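Notes follow the structure.
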Amino acid sequence: MSKPNDELFKNVISHAKEYGFVFPSSEIYDGLSAVYDYGQNGVELKNNIKTYWWKAMVQLNENIVGLDSAIFMHPKIWKASGHVDGFSDPMIDNKDSNKRYRADQLLEDKIDRYDKDGKTDKAEQLQHDMDEALKNDDLPRLKELIIAHEIADPVSGTRNWTDVRQFNLMFSTQMGAVADDADLVYLRPETAQGIFVNYLNVQKSGRMKIPFGIAQIGKAFRNEVIARQFIIRMREFEQMEMQFFVRPGTQKEWFEHWKAMRLKWHLALGTGPEKYRYHEHTKLAHYADAAFDIEYEFPFGFKEVEGIHSRTDFDLSQHQKFSGKKLQYFDPEINQNYVPYVIETSIGLDRMFLLTLINAYVEEDLSTEEKQDSRVVLRLHPCLAPVKAAIFPLTKKDGLPEKAREIMDKLKINFNLQYEEKDAIGKRYRRQDAIGTPFCITVDHQTLEDNTVTIRHRDTMKQERVDAGQLENIIGGLVSWKNLLSL
RNA sequence: GCGGAAAUAGCUCAGCUGGUAGAGCAUCAGUUUCCCAAACUGAAGGCCGCGGGUUCGAAUCCCGUUUUCCGCUCCA
């Protein structure tokens, strides 16, 4: 990583905290690892990103509808999806080679070796001990066995092991007052399954015809082994997902369709195309027959922001199998029943948030020959800006505050506004620049005479004088979603 | 998880070989100015990340721990 980029990233994190965008969680208690809170400006920006996505996906596509499914779901869902079995292995690390192994795998290898060496009784004993330990989730016992049977790391050759730990990326908790295995529920590690299990409800109640999509925004939870790089990888995060159900055989064209559509959504915000790239998965997940990531060039390199996956009929078929309920669709066009194929678009909202912030953050040098000057400005798209406009009386007296309040009161129903009269006007402009407010409306002495105000534009720092009565139309036009969505 | 670095005011940081905790910016109140960081006066803000140890005395030295960043690892 180059030094200036490192610097930029640090500055953005500081800025995010100082101006109420992102705070470390539980900060007064030393923080909680890889969990963050969104502050007063952060929540506005985040909500605006959600709105942009929701409008683009749900409102503008007649065949896509929304959903808000619960975070808790029936535990069997995670068996069907493959999350339970795929991610509950007892792992152990060798401290010398820093390699991680499945503890049961190491023991199995040892049993095989005993067998080969003719030490059948030893093999049987170990097999029995291991099964017992695995059944009881007795992790310390597994380590005892590894030590007792003198198992060494094949790489380093040493027996310098860490404790055995259970790695399951799903958080679990108890449902009901009495602790019991049957009550174990998980916090969803992805929002997609909530869509799959409701697919038939939505299709029937909404009289949806294939192809159609279901969109959802919601929290997901992953107990990452390592979570780092600010809000890039958090243990609690938010996804914006859309599952698009298609006729088998047409998945390839829909995959291409959504790949293109989703990149278009990103680029409409004005981000330079050179900041984005597609990344094709060569190693596909068990459920996918094609997968592309949309990556953004963060200061620390290209990172996935959104995934477009062709998930085949894996999920619906699995749920059909595990639930015993038919999840088929009767396609009147071809007079056939089938389990639809699925194209998924899945974007990490928190990453999108960080992308937006980093992309908007600019340190500008405004120095002239006479004096040094600079400002930090967030060049957010006006649709995404937390505060749409700020209203300033030029001075604190002569009735200017009253006039400014009057204008403010008329506009605040439609727009998120801020009123400020403290400090010199230039300082107030700069403060708004720092949180990305695109427009500042100033009430001066002339306002009292002819009811005109000035609008100062964030990016150009230029002003224009307009009739106060026109403000609603002018601001409304400048921050309208049409500017983003009718491209 | 391993290795490296760091943690002092809201932010950025100074605080030397141990001796009562500082600056700039930001914040708040006021005076003044009145369209782009003005000035002045005043105020507030710190368990020096946390816990232990050494010492007459620790922000400073030692140990542990937590959090963050970087590299590796992990990321169906």
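Keep in mind it's a predicted model, so treat the numbers as computed, not measured. Letters A, B, ... are given to chains in the order of the sequence lines, protein chains preceding strands, and every chain is numbered from 1.
- One finds a side-chain N or O of A:Ser33 lying less than 4.0 angstrom from the OP1 or OP2 phosphate oxygen of B:rU68.
- Listed by residue number, the members of residues 439-447 of chain A with any heavy atom below 4.0 angstrom from RNA chain B are A:Thr442, A:Asp444.
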At a cut-off of 3.5 Å, list every protein nitrogen or oxygen paired with a nitrogen or oxygen from nucleotides 22-28 of chain B, distance to 0.1 Å.
{"unit_1": "B:rU27", "atom_1": "OP1", "unit_2": "A:Arg431", "atom_2": "NH1", "d": "2.2"}

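- A:His149 is linked by a ring-ring contact (aromatic ring centres under 6.0 Å, His included) to A:Tyr114, counting only residues two or more places apart in sequence or in another chain.
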Without placing hydrogens or testing angles, list every side-chain donor-acceptor pair under 3.5 Å for residues 383-403 of chain A, not counting sequence neighbours.
{"unit_1": "A:Lys388", "atom_1": "NZ", "unit_2": "A:Pro382", "atom_2": "O", "d": "2.9"}
{"unit_1": "A:Lys388", "atom_1": "NZ", "unit_2": "A:Cys383", "atom_2": "O", "d": "2.9"}
{"unit_1": "A:Lys388", "atom_1": "NZ", "unit_2": "A:Ala385", "atom_2": "O", "d": "2.9"}
{"unit_1": "A:Thr395", "atom_1": "OG1", "unit_2": "A:Lys397", "atom_2": "N", "d": "3.4"}
{"unit_1": "A:Thr395", "atom_1": "OG1", "unit_2": "A:Lys397", "atom_2": "O", "d": "3.4"}
{"unit_1": "A:Asp398", "atom_1": "OD2", "unit_2": "A:His445", "atom_2": "NE2", "d": "3.0"}
{"unit_1": "A:Lys403", "atom_1": "NZ", "unit_2": "A:Asn451", "atom_2": "OD1", "d": "3.0"}

Check: According to the Watson-Crick and G-U wobble definition with distances under 3.5 Å, which dot-bracket string, read 5' to 3', encodes RNA chain B, using [ ] for crossing pairs and | for pairs with another strand?
Finding: (((((((..((((.....[..)))).(((((.......))))).....(((((..]....))))))))))))....
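- Sorted by first and then second residue, the pairs that involve residues 346-358 of chain A and meet side chain to side chain donor-acceptor pair (under 3.5 Å), not counting sequence neighbours, are A:Tyr38-A:Asp350, A:Glu241-A:Ser346.
- There is no side-chain donor-acceptor pair under 3.5 Å between A:Tyr278 and A:Glu280.
- Legend: residues meeting ring-ring contact (aromatic ring centres under 6.0 Å, His included) with A:Phe21, ordered by chain and number and at least two apart, are absent.
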Each nucleotide N or O in nucleotides 12-14 of chain B that has a protein N or O under 3.5 Å away: list the pair and distance.
{"unit_1": "B:rU12", "atom_1": "OP1", "unit_2": "A:Ser14", "atom_2": "OG", "d": "2.8"}

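- RNA chain B lies under 4.0 Å from no heavy atom of any residue of residues 385-392 of chain A.
- Residues forming a side-chain contact (heavy atoms from CB on, under 4.5 Å) with A:His457 (at least two apart in sequence, or on another chain): A:Phe439, A:Ile455, A:Thr460, A:Glu464, A:Leu478.
- Under the side-chain contact (heavy atoms from CB on, under 4.5 Å) criterion, A:Lys427 pairs with A:Asp423, A:Arg431, not counting sequence neighbours.
- For residues 303-322 of chain A, proximity to RNA chain B is found at no residue, defined as any non-hydrogen atom under 4.0 angstrom from a strand atom.
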